[in-house]
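Structure record follows, encoded as C-alpha cells.
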Protein chains: 2
Amino acid sequence: MSRMARPRKPLLSRERIVATALTLADEEGLPAVSTRRLAAELGVSGPSLYNHFTTKDDILDAVADAVVAQVDLSMFNGDRDWPDALTAWSRSYRAALAAHPNIVPFLAQGPGRRPAGLRMADAVFGAMTAAGWPPAQATRIGALMRYFITGSALASFARGFVNDATTYDSVAYPHLGQAHLLAERQQSVDEGAFETGLRALVDGLALQYAATT
Amino acid sequence: MSRMARPRKPLLSRERIVATALTLADEEGLPAVSTRRLAAELGVSGPSLYNHFTTKDDILDAVADAVVAQVDLSMFNGDRDWPDALTAWSRSYRAALAAHPNIVPFLAQGPGRRPAGLRMADAVFGAMTAAGWPPAQATRIGALMRYFITGSALASFARGFVNDATTYDSVAYPHLGQAHLLAERQQSVDEGAFETGLRALVDGLALQYAATT
DNA sequence: ACCTGAACACCGTTCAAGT
DNA sequence: ACCTGAACACCGTTCAAGT
C-alpha cells in the first residue's frame with residue numbers, strides 16, 4: 001500500500017503557534033501578541049494562523065491551557081491528607097502562573113473548561129471526595145481555591161505598582177502608611193497575603209470538614 | 001467682582017464620559033467600549049475624549065473606580081466585630097462587581113491604587129488594626145480578601161459556560177459527572193463556592209487571630 | 001478651552017487565488 | 001491542505017486647524 005510522497009511539510013503547527021505565542025507574551029507582554037505580529041514571529045503571513053485556529057481567542061485559550069498544564073497534580077495521588085495536598089497544589093498552581101504573568105489576565109477570565117483546567121478540577125474533586133467530602137462541597141472547594149489563586153496571581157503580577165507619592169495622601173487615607181505602598185514592598189505583601197490566605201482557607205475548610213463528617 | 005459670561009458650556013465632562021462608558025460596557029460588553037464608539041455614544045468625535053483623559057486606559061480606570069466606589073464600607077464603623085465586618089464587606093464588594101460584570105476583567109488587573117480602592121484598603125486596614133491585628137497582618141488581610149473576591153467575580157461573571165457535551169468526556173475526566181458542568185448549574189456553584197470560601201477564610205483568620213493575640 | 005477632520009500605524013478576519 | 005496578498009471594517013492616538 002504505497003502513497004504518494006508527502007508534499008513539503010507545513011510551515012506551521014498548533015504546537016509551534018502556541019509555543020511562539022507564549023514566548024512572545026512572556027517577553028513583550030500580551031498586547032504584543034497580535035495575529036500579525038505572531039505570524040511575523042513565525043515567518044508567515046497573518047491569515048495563515050486561521051488554518052490552525054478559528055480565532056485569536058482560540059490561540060490564547062490554547063496558550064492558557066499550556067500554562068495550566070504545568071501545574072503539578074501528583075500530590076493528589078493519595079499519599080497525603082487533603083489539607084496538605086490542597087496546600088501543595090495551590091503553591092504549584094500559583095508558581096505556574098507566576099512563570100507566565102502576562103497570560104494571567106486572559107487565563108483568569110475563562111472558567112476552567114479547557115483540557116488542563118478540567119484535568120485539574122477532576123483531580124481536586126476526586127481527591128476531596130476520596131477524603132470524605134460530599135460531592136457538592138468538593139466541587140465548591142475546587143472552584144473557591146481557583147478563585148483565590150487566580151485572583152492572587154492577577155493582582156500580584158498584572159500591573160506594576162505606581163510609585164507616586166502624591167497618590168497616597170496621608171490625609172485622605174489616614175491608616176495607610178507610605179511604607180506600606182511602596183513598589184518594592186508589593187511583592188512581599190503579595191507573597192505574605194497569599195500564604196496567609198492559603199492557610200486561612202485550608203484551616204477554615206478543616207473546621208467545616210470536622211463539622212460535617 | 002464680575003466676570004465675562006461663560007462661553008457655551010463644554011459638550012463633555014469626565015463624569016459624563018465615565019457614566020456613558022459604564023452603561024456601554026454593561027449593555028454591550030467591554031469590547032464595545034472603543035474610543036470611537038464611546039465618542040459616538042456621547043455625540044462627539046473620537047479625539048474629543050483626549051481633552052478629558054490622557055488615554056483609554058485612564059477612562060477605564062475611572063470606570064472601575066466608580067464601580068468600586070459603590071462598595072459599602074459602613075460595616076467598618078466599629079459597631080461590629082471584625083469577622084462580621086469582613087464578611088459583610090466581602091458580600092457588598094462582590095455585589096458591586098456583580099452589578100457590572102463586564103468591567104470586572106479590567107478592574108481585576110490593576111492593584112487597587114485608585115481613590116475608591118485606596119479608601120477601601122484604608123477602611124479594612126483601619127478596622128483590622130483597631131480590632132487588634134498587627135499592621136502587617138492587617139495589610140495582608142485586605143489584600144487576600146481582594147484576591148478572593150475579584151477572582152471569584154472574574155470566574156463567575158466573565159465568560160459564559162460552554163454547554164458542550166463533547167467537551168466533558170467521562171473517560172478523560174472520570175470524577176466529573178456531566179450534571180456538575182451544565183451551564184444552569186454554574187451560577188449556583190459560583191455562589192456556593194463564594195460563600196463556602198468566605199466562611200473558610202474568616203474562620204481560618206479567626207484561628208490565626210486567637211493564636212497571635 | 002474644547003472640539004473637529006485628516007492622518008498614522010496599527011488591528012482581527014474573510015476570501016479568492018495560488019501550490 | 002496550507003499559505004498568500006488584497007481587502008474590509010475596524011482600532012488608539014496625534015496634530016494642525018477651527019471656534
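To find a chain, count down the sequence lines: A is the first, B the second, and so on, and within it residues start at 1.
Atoms CD1 and OH, on B:Ile149 and A:Tyr147 in that order, are 13.0 Å from each other to the nearest 0.5 Å. The CG atom of A:Leu60 lies 12.5 Å from the CG atom of A:Asp65; values are rounded to the nearest 0.5 Å. Separating the OG atom in B:Ser156 from the CD atom in B:Gln187 is a distance of 8.5 Å, to the nearest 0.5 Å. Note: B:Phe76 CZ to B:Met128 CE = 5.0 Å, rounded to the nearest 0.5 Å. Between the OG atom in A:Ser90 and the CZ atom in A:Arg199 there is a gap of 13.5 Å [rounded to 0.5 Å].
OP1 or OP2 of C:dC3 sits under 4.0 Å from a side-chain N or O of B:His52. Within the 4.0 Å cut-off from OP1 or OP2 of D:dC2, not a single side-chain nitrogen or oxygen of A:Ser48 is found.
In the set D:dA6, D:dC2, C:dC2, D:dC2 carries the atom at the smallest distance from any side-chain atom of A:Pro10. Ranking C:dG12, C:dG5, C:dC2 by closeness to the B:Asn51 side chain, first place goes to C:dC2.
Between the OH atom of A:Tyr50 and the P atom of D:dG5 there is a distance of 16 Å, given to the nearest Å. Distance NZ (B:Lys56) to P (D:dG12): 4 Å, rounded to an integer number of Å. Taking atom CD1 on A:Ile17 and atom P on C:dG12, their separation rounds to 14 Å, with Å as the unit. A:Phe53 places its CZ atom 13 Å from the P atom of C:dT13, with the value rounded to the nearest Å. Taking atom CG of residue B:Leu11 and atom P of nucleotide C:dC3, one finds them 5 Å apart after rounding to whole Å. In this structure, B:Asp57 atom CG and D:dG12 atom P are separated by 10 Å, rounded to whole Å. In this structure, the CG atom of B:Leu49 is 14 Å from the P atom of C:dC2, given to the nearest Å.
Remark: B:Ser92 pairs with B:Val71, B:Asp72, B:Met75 by the side-chain contact (heavy atoms from CB on, under 4.5 Å) rule, at least two apart or across chains. With sequence neighbours excluded, the residues satisfying salt bridge (Lys or Arg N to Asp or Glu O under 4.0 Å) with B:Arg94 are B:Glu191.
Side-chain contact between B:Val33 and B:Asn102 is absent, with no heavy atoms from C-beta onward closer than 4.5 Å. For the pair B:Phe53 and B:Val18, the minimum side-chain heavy-atom distance is below 4.5 Å. Here the side chains of A:Asp190 and A:Phe157 are not in contact, with every heavy-atom distance at 4.5 Å or above.
Of the residues in residues 20-31 of chain B, not one comes within less than 4.0 Å of DNA chain C through any heavy atom. The stretch residues 34-44 of chain B touches DNA chain C through B:Arg36, B:Val44, each having a heavy atom under 4.0 angstrom from the strand.
Across the P atoms, C:dA9 and D:dA9 are found 22 Å apart, a figure rounded to whole Å.
Taking the six-membered ring for Trp and thresholds of 30 and 60 degrees, A:Trp133 and A:Trp82 have ring planes more than 60 degrees apart, a perpendicular arrangement.
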Task: Dot-bracket summary - DNA chain C, pairs being Watson-Crick or G-U whose distances fall under 3.5 Å, with | when paired to another strand - done: ||.|||||...|||||.||
Name every donor-acceptor pair, under 3.5 Å, that has one atom in a side chain of residues 36-49 of chain A and the other anywhere in the protein, sequence neighbours excluded.
residue : atom : partner : partner atom : Å
A:Arg37 : NE   : A:Glu41 : OE1          : 3.1
A:Arg37 : NH1  : A:Glu28 : OE1          : 3.0
A:Arg37 : NH2  : A:Glu28 : OE2          : 2.8
A:Arg37 : NH2  : A:Glu41 : OE1          : 3.2
A:Ser48 : OG   : A:Ser45 : O            : 3.1

